[in-house]
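These notes concern the structure reproduced below.
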Amino acid sequence: MAQTPGSEARTGLKLISPTAVYVILLLAVPLATVLIYSVLTGGRGNVSLPVTIENYSELWAKSVYGYIMVKSLMVALVVTAITVVLAYPVAYFVSFHVKPERKSLWLFLITIPFWTSYIIRVSLWFVILGYGGILDSLLGTIGLPPLNVASHSILSIIIVLAHAYAPFAVLPIFVSLEKVDRSLLEAGQDLGESRWVTFLRVTLPLSMPGVIAAALIVFIPTVGDYVTPELVGDGKEPMIANLIETQLLKLQNFPQGSAFAVASMLMVGIVSVAFVLWNRRFIGGQK
Amino acid sequence: MTFSADRPTMIEFKDVHKYYGDYHALRGINGTIKAGEFFSLLGPSGCGKTTLLRTIAGFEDISSGVIMIDGKDMANVAANVRPTNMVFQSYAIFPNMSVEENVGFGLRKDPRSKEDKAKAVAEALEMVGLKGFGKRAAHALSGGQRQRVALARALILKPKVLLLDEPLSALDKKMREHMQVELIKLQRQVGITFILVTHDQEEALVMSDRIAVMFEGEIAQLADPETLYRRPNSKKVADFIGTMNFIPAQVLSETGDTLEIDAKGLGRVTIDASMAPPARGESPVVGLRPETLTLLYDGQTATERETEGIIDEVIYFGDMTYYDVYLGGTDVEVRLSMRNVPGRPVLDVGTKVRVAWSPSALVLFR
């Protein structure tokens, strides 16, 4: 190891260069392209000068765009909330009540839904939620009228997304719960608190970094989800991604599509940063 | 050793057993701990001392038997309502809270006003020598400071019993010795019953009013430090506490009050019956502490008995020198300690010496 700091740095650069090339070509360049396109003038299938902000003002001008954006945001927030709330007890159970040697098996089982193609999982939800599906048949046998959940596009989208992203939420919460020193829970009880209050005062705050990570992991991709509204909602309830797809692929209005994409990224960015700031006392938050 | 035995009982164990599956962790614990006592549970790792402490705190259920605290059976009393508080081995300081939030953790249900509670927290911190540390972040504390926070957090609730699970084991030697003295002072100041778990026999001797020595889930001996050191009731206890020379011996005759024995290398000697704990059917040996043996220099004579020997090994410690000496032309080797005071040169290996000893220091195990 007779390397000078300079040669060490060069070795480092060489080592990261494949990744760097990948990141520049496949992330930075496309992102820059989208940013530039979004302020250019568009025609059908072509892009031209002059620079304009018209693509963005279009967003304000037509209320339907704003409606779709807010709807996407709301759906993603609801999905995030449901997923995190349902994932927490699962992660807690695996971390606290499963024997250490069984934990990997449990985590493995939790990821099983990923073995099946997403399209197939969505179709199966149709079988469960659709008119005359499993849910309605069950309700029928106990004498209740059918719900036909699948006809409520937004509700179906939320259910399918929450199920799809559940494992992503379980894992970070599980990791943060694993890091909680178990003697702290005994200390909480020793100092006079019940198990439940000890959970609220000790375990929950200490696992918040995992909860925050889980929320972001679910929220960010669900805002931009394209497949689910297309399949489950039958395209009747378009979300941002469907809007962008229409502009870019169907209408071939690249600048308008790019502007929607940038607006969507900004929205996700602002909500995520606000969420992180709101919870900053929990992050790295060992006072 | 000013502890008086007539104080009221704080904790009583009646035939306490604990099983983990097939493993018999506590095998019939009996005994009492007095109010205001500094009591230690001493033993090697795996002897059940921590398990016993955790059964007092309520973190472990017992399989059978009774644990009474202050006259009440603890059978169905949960940990969070027991009149005990614990200083954990890891200190278990809440990492997401400040020092004062940690210390005030147990005061949530306290009916006092916010100001009074803050005052109590400040007082508790002052008591453990952390005045002005309230706003500090818990993770920015040193090991010794964490321990003080853990102490303040427990003592602020004025428990009847404070449980300490190897609290000093994570500290360096100097800090440990300093904290030993501080804990003794603190215990005298607050008057609460302290129960300390430790594997360090020196620590137990220094700090405790009484000590329970545990082996394999049983209490081998429960006594004050001096009795434990001078009159251990078994070879195992004698071996665990301090250094003890064991010399093969024969019991020649036995009357009610005295025993006539023949110890190899020492010769015939009469000892008091109180120095011979009940027989266990082992081959008889006499125990002799290194400091009860003295090397005689030229011109000195023994006040009681003396035996010739040859120095086999010299271990120099600065203030002390340890000598391993073959006694009386036999293969019996004993270790003895001499303080290095002026006029006492350190002797060489192979030197013929005379060793003075006292029959009253002998303990017979058989």
Side-chain angles (χ1 to χ4, degrees), chain A residues 84 88 91-92 95-102 172-216 275-287, chain B residues 50 53-54 56-60 77-110 124 134-141 146 149-159 161-167:
Chain A
V84 170
Y88 198 97
Y92 186 90
S95 179
F96 282 80
H97 296 291
V98 171
K99 284 183 193 160
E101 64 271 21
R102 293 269 173 83
I173 297 172
F174 170 79
V175 170
S176 69
L177 285 170
E178 283 289 283
K179 282 197 277 186
V180 175
D181 179 357
R182 300 308 194 248
S183 70
L184 295 178
L185 310 185
E186 286 187 344
Q189 286 176 54
D190 188 63
L191 295 167
E193 297 294 16
S194 63
R195 280 168 196 275
W196 172 241
V197 178
T198 302
F199 169 78
L200 292 179
R201 292 186 69 187
V202 180
T203 317
L204 186 59
L206 288 175
S207 62
M208 277 310 281
V211 172
I212 292 160
L216 292 177
F275 180 70
V276 168
L277 288 178
W278 178 46
N279 286 296
R280 69 187 177 283
R281 67 202 158 105
F282 296 116
I283 308 171
Q286 308 220 323
K287 270 200 238 175
Chain B
T50 296
L53 192 79
R54 291 171 56 82
I56 301 172
F59 298 136
E60 304 280 354
V77 182
N80 61 334
V81 287
R82 291 198 184 191
T84 59
N85 285 111
M86 178 115 122
V87 173
F88 291 82
Q89 188 169 11
S90 63
Y91 309 141
I93 303 297
F94 302 116
N96 54 331
M97 299 179 196
S98 67
V99 167
E100 59 186 9
E101 284 170 327
N102 263 284
V103 174
F105 187 92
L107 296 179
R108 185 176 65 89
K109 285 177 276 187
D110 193 306
K135 303 287 181 210
R136 288 273 184 105
H139 72 90
L141 298 177
R146 278 160 179 267
V149 172
L151 267 172
R153 187 175 72 176
L155 288 173
I156 198 171
L157 301 174
K158 303 207 179 344
V161 182
L162 183 75
L163 307 169
L164 302 122
D165 185 7
E166 305 237 11

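Labels below follow one simple rule: chain letters A, B, ... track the order of the sequence lines, proteins then strands, and each chain is numbered from 1. Small disclaimer: the values here were computed from a predicted structure and weren't measured. The analysis underlying the following values was restricted to heavy atoms, covering all of them including side chains, and did not include hydrogens, waters or symmetry mates.
- Looking at A/Leu184, A/Leu206, A/Val202 one by one, the single match for side-chain contact (heavy atoms from CB on, under 4.5 Å) with B/Asn96 turns out to be A/Leu206.
- Contact annotation for B/Phe59: only side-chain heavy atoms (C-beta onward) come within less than 4.5 Å of a heavy atom of chain A.
- Here B/Glu60 pairs with B/Tyr20, B/Arg54 under the side chain to side chain donor-acceptor pair (under 3.5 Å) rule; sequence neighbours left out.
- Listed for the B/Asn80 side chain is no donor-acceptor partner under 3.5 Å among the backbone atoms of A/Asp190.
- Legend: residues meeting side-chain contact (heavy atoms from CB on, under 4.5 Å) with B/Glu100, ordered by chain and number and at least two apart, are B/Ser98, B/Val121, B/Lys135.
- Counting heavy-atom pairs closer than 4.5 Å to chain A, the top-ranked of the candidates B/Asn85, B/Ile93, B/Thr84 is B/Asn85.
- For B/Arg108, the salt bridge (Lys or Arg N to Asp or Glu O under 4.0 Å) partners are A/Glu193, not counting sequence neighbours.
- Along residues 173-183 of chain A, the residues that come nearer than 4.5 angstrom to chain B, judged on non-hydrogen atoms, are A/Asp181, A/Ser183 in order of number.
- Enclosure of atom NZ in A/Lys99 is not indicated, since only 12 or fewer non-hydrogen atoms of other residues, nucleotides or ligands lie within 6.0 angstrom.
- A/Ala187 and B/Arg153 get closest at one heavy-atom pair: CB-NH2, 3.7 Å.
- The CZ atom of A/Arg201 lies 9.0 Å from the CD atom of B/Glu101; values are rounded to the nearest 0.5 Å.
- Residue B/Phe94 touches chain A through both its backbone and its side chain, counting heavy-atom pairs closer than 4.5 Å.
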